[in-house]
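Structure first, then comments.
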Amino acid sequence: MLKDNSVLQRLDLRSCSDWLTDKELLPIIGQNHHLLHINLNSCVQLSRQSLVAISLSCPHLQNICLGHCEWVDCLSLRSLADHCKNLEAVDLTACRQVKDDAVCYMVSKSKRLKSLSLAVNANIGDVAVEETAKSCRDLEHLDLTGCLRVKNESIRTLAEYCSKLKSLKVKHCHNVTESSLGILRKREVDLDVEPPLQRALVLLQDVVGFAPFINLQI
């Protein structure tokens with residue numbers, strides 16, 4: 001059905017990871033130049049060739065999910081940034097070949113970006129986050145879960161430049177503390193990390209079963 005279709009705007013292949021390879025995907029991409037949304041989450045049998053083909057064939061692309069696609073590398077991500085100027089949402093969760101320099105290049109070309117996930121990537125640090133903050137002023141959602149090299153400095157930069165930020169995920173970012181998160185918390189940005197006092201009270205409740213803490217307002 002897909003091979004004869006040339007007017008697709010959305011392509012969701014996240015459930016096709018067991019069999020989808022470049023051989024099946026490239027013809028579909030090659031004849032659908034109006035794609036706006038592509039989901040390739042966990043399509044592990046593809047290669048950088050697929051992302052380059054998407055870059056060249058889908059100039060109007062707005063949303064792409066590449067979560068857990070470890071074949072995504074710096075060169076293919078640069079190709080995406082060079083040719084897809086309308087990107088608003090990019091999911092690079094667990095794309096572990098991607099490093100700071102590639103993210104910096106992508107965000108510098110993607111001024112319209114509103115949602116970005118760099119989660120579960122130990123290569124990502126403050127450099128990428130700061131460039132994202134300075135380049136993408138309309139950013140609303142950022143996922144840095146498990147980015148162990150991210151520190152308070154870049155979170156402060158994020159708070160300074162991204163006034164439209166609605167949510168930030170920094171769980172397991174052990175170098176990010178309340179000294180930077182507190183700035184965003186005051187702006188009512190949705191954070192996936194509780195304030196230190198609240199965490200301590202919850203922990204105490206779990207340990208000693210002290211019921212009065214349940215209704216304590218922080």
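No hydrogens, no waters, no symmetry mates; every other heavy atom, side chains included, goes into these values.
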Which residues pass the side chain to side chain donor-acceptor pair (under 3.5 Å) test with [X], not counting sequence neighbours?
| X | answer |
| --- | --- |
| Ser163 | none |
| Asp143 | Thr145 |
| Arg48 | Asp73 |

**Q.** Inter- and intrachain pairs under side-chain hydrogen bond (donor to acceptor under 3.5 Å, both in side chains), touching residues 59-69, at least two apart
**A.** none
(Q) Can you list, by chain and residue number, the hydrophobic cluster partners of Tyr105 when the side-chain cut-off is 4.5 Å? (A) none
Q | ILVMFWY cluster membership beyond Val44 - transitive side-chain contacts under 4.5 angstrom | A | none
Q: Could I get the full list of side chain to side chain contact (heavy atoms under 4.5 Å, CB included) partners for Leu56, not counting sequence neighbours?
A: Val52, His83
Q) Taking side chain as C-beta onward, heavy atoms only, is Leu87 less than 4.5 Å from Leu80? A) yes
Who are the salt bridge (charged side-chain N to carboxylate O under 4.0 Å, His left out) partners of [X], not counting sequence neighbours?
| X | answer |
| --- | --- |
| Arg78 | none |
| Lys134 | none |
| Asp22 | none |
| Asp12 | Arg14 |

Q | Sequence neighbours excluded - salt bridge (Lys or Arg N to Asp or Glu O under 4.0 Å) pairs with any residue from residues 25-40 | A | none
Q) Got a salt bridge between Lys114 and Asp138, using NZ or NE/NH1/NH2 to carboxylate O under 4.0 Å? A) no
